[in-house]
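Contents: one structure, followed by commentary.
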Amino acid sequence: MYKKQVARFQHQRVNMVTTLALHLAATCLRDNRILGRGAFRVSSNYRSFNLSPDLYFSTLGIALNGTQDDVDIIMQQMDVTKDSVTILTNFTEDEYNQVVEKLDRPPVISTPENAKTTKISMASDGFVLQRVMGQILWPLCIEALYFRTGDIDYLRKLMPYIDLSLSFIEERVDANGIFSPKNTHWQGRPGMEWVDWDKSRLSGSSFMFQIFHVLALERMGALHMALFQTGSPFSYSKGEKYTERSNSLRAYIEKLYWNEEGYYNTNHNFATTDTELWYDNQIWALYLNMGSPDQKHKLMHRLQNDQKHVRCHTLTGFASCEPETVPTRWNARSRCYRDSRTWLGRLGCGGAVARYDQGDYERASELMRRMANVVTKNNGFYEAYDMAGNPTDDRGELYLEHCGGYIWAFFEGVWGIRLHSASSTHDVTIVNPAERSKHLFPGSRSIKFHVKGCQVMMSIAEDSAVSFEGDGPCVNIKLVENKIEKTIISYQKYLSYFLI
C-alpha cells in the first residue's frame, strides 16, 4: 500500500510539473505578443522576427494550443498580402522575381519602426533578410494555421505565394534536387538554415535544409491534392509533382548524407563532405522517418549513449556530456560553449517528438520530464541551457522557439496529434495516444485541441479506451492504435467512429 501511495504521489508531481511548464509556455506566447506590440518576435530582449526557426515553432504551438488572439495575430503576421507583414511581402510575381534576382535570396519586408530596431541583417533598400530556410518553413506555418482554423479562404489567398516560395528553391537545385547556394554572400549572415553561428552550417548543401525541403514538398503536395476540387489555385497535378519531388529527394538524401559510422553528415559542400556529428540532424531525420530500421536504431542509440562518461563544462562546474542530459546538446565536437548547450525547441522538443514517433515512449517521456524540470526551475524559457540546466546566452525568458516548441512537443509527442498529417481523406492523424500519454499522465485523462475550427476533446479511460467529443464543423480524424486505423467522423456536438 505504501509503495502504491508513493508511486501515486510521484505521478501527481509529474503532472504538476508538466502542467506548470505548459502554463509557462502559454504565458510566454501571450507576453511575447504583448511586448511585441501586436506581433510575435524572437524574445523579450531580442527584437527580431526570425522565421527560421523562432516563428516556425511558435506557429506550431499556437496552432495546437494558442488563444484566439494568438491565432489572429500570427495569421496577420504570416499574411504576405498585407502591407504591414513582417515575414514576406505583397509583391506581384514579377516584382518578387525582380527582388529575388537583385538579392538572390528571399525578401522580407520590414516596417520603418522595425527597420530601426531589428538586429536582422538589413539590405540597402530596406528589406529584412531571412535565413534561406525561412523560404520552406513559411509554407509549413501556413499549413499549421489552416490545421487550426480550417480557413480555406486564407489558404487560397496564400497558396500562389507558397508555390512561388517553393519555386525560389526549385530553381536553385541540382539534377538530384539538392539545393546549393550560388551566391557566396550566403556564407555570412543570415545563412542557410537555423544555425547561423558556425561555418559548417552557414552555406553549402546543409543536411537540415534538405530534409525540411522534403517535408515542405510533401505537405504542400498533400494540400494541393486534398483541395483541388475546390478550384484554383489548388492543382492535383502540381500536388503530384511536389510529392514526386519529395519522394525522390528523400531517397537521394538518405544515401548521400549517411555516414557509415552511424549518423547523417552535416553538409555536402560541392567537392567535400562535412562529417561533423550534429545531433539536431539525427533528431530531425528520425522525426521525418528517414532511413532503414537499422539506421534509426543506430541514431537513437547514439543520442542516448554518445560521450556518456565524458564531462561537459557548465556555469556551475561539470555535467554529463551525454547528448540528452538536458535534451539535447548541439554536437559532439567539443565539451564547452555552444557545442555543449541546448536550444530546447530545435533540440530538446524535436528529440522528444522523434523518440515518440519511433515508439520509444518511455525515453521520450523522460525527455519531456527533464525539459519541464529545467523550465519550471528557472521559471521561464531562456535562449540556451548548459548540461546542468543553467540558462546561458540570455536574451530574455520569453524565447519564442522554446515555448512554442514545448507546446508542439506536448500535443504532438505526448498525445500523438500529428500537425503535419492532413490528406484528402482525413484532417488529422492521431497515433497511439493512450500508450504515449500514460507515462506522464497515468489513469484517466483528457486533452482539448482544435482541428479546422472544431474543438475536440480526446479522453482516455484507465483501460486505455479512447473516446472523442467535438464542438464545431465536421472533421475527419484518423486514429491509429497499434497500427490499426480508425476513421473518426465528427458531427456537431459529438464524434463517432468506425473501423476501416
Side-chain angles (χ1 to χ4, degrees), residues 53 193-201 206-208 257-267 274-287 295-356 358 360 362-378 381-394 399 401-402 405-406 409 413:
E193 33 111 325
W194 62 33
V195 175
D196 66 346
W197 47 270
D198 191 274
K199 65 181 181 180
S200 66
R201 306 284 292 267
S206 157
F207 177 76
M208 184 60 65
Y257 288 84
W258 181 252
N259 187 310
E260 291 306 317
E261 293 296 319
Y263 61 92
Y264 287 102
N265 291 327
T266 301
N267 212 319
D274 191 331
T275 59
E276 284 185 349
L277 170 56
W278 287 69
Y279 295 116
D280 61 327
N281 290 327
Q282 322 316 316
I283 285 167
W284 290 96
L286 286 169
Y287 173 73
Q295 289 172 322
K296 294 170 188 172
H297 175 75
K298 288 179 179 178
L299 294 183
M300 289 195 291
H301 183 270
R302 183 178 288 280
L303 285 167
Q304 189 164 342
N305 294 285
D306 254 17
Q307 301 187 342
K308 198 163 190 174
H309 303 294
V310 178
R311 308 291 282 175
C312 272
H313 294 272
T314 72
L315 295 182
T316 53
F318 296 90
S320 171
C321 268
E322 180 255 303
E324 294 176 332
T325 302
V326 175
T328 303
R329 58 181 291 214
W330 272 115
N331 59 54
R333 189 171 51 186
S334 73
R335 295 180 293 151
C336 57
Y337 192 49
R338 286 195 171 186
D339 291 350
S340 64
R341 295 175 183 172
T342 181
W343 268 244
L344 288 182
R346 282 164 277 186
L347 294 158
C349 298
V353 176
R355 284 196 176 273
Y356 275 117
Q358 294 301 321
D360 192 358
E362 187 171 347
R363 180 67 173 180
S365 301
E366 174 60 25
L367 300 187
M368 291 296 294
R369 289 190 196 99
R370 292 183 185 186
M371 285 189 287
N373 285 331
V374 167
V375 168
T376 54
K377 180 182 74 172
N378 295 289
F381 288 83
Y382 290 84
E383 180 181 13
Y385 299 88
D386 63 24
M387 290 296 101
N390 301 305
T392 64
D393 294 76
D394 179 23
Y399 212 74
E401 169 197 335
H402 308 333
Y406 187 82

For Arg355, all residues meeting salt bridge (charged side-chain N to carboxylate O under 4.0 Å, His left out), sequence neighbours excluded: Glu324, Asp360
Full working for salt bridge (charged side-chain N to carboxylate O under 4.0 Å, His left out) between Glu366 and Arg363: CA-CA 5 Å; Glu366 174 60 25; Arg363 180 67 173 180; over 6 Å; no
Minimum-distance pair of heavy atoms, taken over all atoms of Ala409 and Cys349: CB-CB, 3.8 Å
pair Asp280-Arg346: side-chain heavy atoms closer than 4.5 Å: no
Closest contact, heavy atoms only, Pro327 versus Met371: CG-CG, 3.7 Å
Trp278 side chain near Val195 side chain, heavy-atom distance below 4.5 Å: yes
Contact list for residues 317-348, test disulfide bond (SG atoms under 2.5 Å apart), sequence neighbours left out: Cys312-Cys321
Gap separating the NZ atom of Lys296 from the CG atom of Leu299, nearest 0.5 angstrom: 10.0 Å
Shortest non-hydrogen contact between Gln282 and Leu277, atoms and distance: NE2-CD1, 3.5 Å
Arg338 side chain near Trp343 side chain, heavy-atom distance below 4.5 Å: yes
Contact check, side chains of Phe207 and Asn265, non-hydrogen atoms, under 4.5 Å: no
Side-chain touch Tyr356/Met368, heavy atoms, less than 4.5 angstrom: yes
Pair His313-Ser340, side-chain contact (heavy atoms from CB on, under 4.5 Å): steps then yes or no: CA-CA 8 Å; His313 294 272; Ser340 64; 5.6 Å; no
Straight-line distance of Arg201 CZ to Ser206 OG, nearest 0.5 Å: 5.0 Å
Under 3.5 Å: donor-acceptor pair, side chain of Asp386, backbone of Asn390: yes
Residues forming a side-chain contact (heavy atoms from CB on, under 4.5 Å) with Asn378, sequence neighbours excluded: Val374, Tyr382, Tyr385, Pro391
Ser320 side-chain N/O to Thr325 backbone N/O, donor-acceptor pair under 3.5 Å: no
Min side-chain heavy-atom separation Thr266-Asn331 under 4.5 Å: no
Nearest-0.5 Å distance, CZ of residue Arg311 to CE of residue Met387: 12.5 Å
Side-chain touch Val353/Tyr287, heavy atoms, less than 4.5 angstrom: yes
Aromatic ring pairing Tyr264/Trp258, orientation class (parallel under 30°, perpendicular over 60°, tilted between): perpendicular
Over all atoms of both residues, closest heavy-atom pair of Arg302 and Pro323: O-CG, 4.1 Å
Pair Arg329, Gln307: side-chain N/O donor-acceptor within cut-off below 3.5 Å: yes
Any side-chain donor near an acceptor of the partner, Asp198 and Trp330, under 3.5 Å: no
Atom pair CG (Leu303) and CG (Leu347), whose distance is rounded to the nearest 0.5 Å: 10.5 Å
Test item: side-chain donor near acceptor, Asp306 and Tyr279, under 3.5 Å: yes
Within-4.5 Å side-chain heavy-atom neighbours: Arg341 and Val326: no
Closest contact, heavy atoms only, Thr316 versus Ala388: OG1-CB, 4.1 Å
Polar side-chain atom of Asp339 near backbone of Arg335 as donor-acceptor pair, under 3.5 Å: no
Side-chain (Gln358) to main-chain (Leu286) donor-acceptor, under 3.5 angstrom: yes
Point-to-point distance, once rounded to the nearest 0.5 Å, from OG1 of Thr328 to CD of Gln304: 11.0 Å
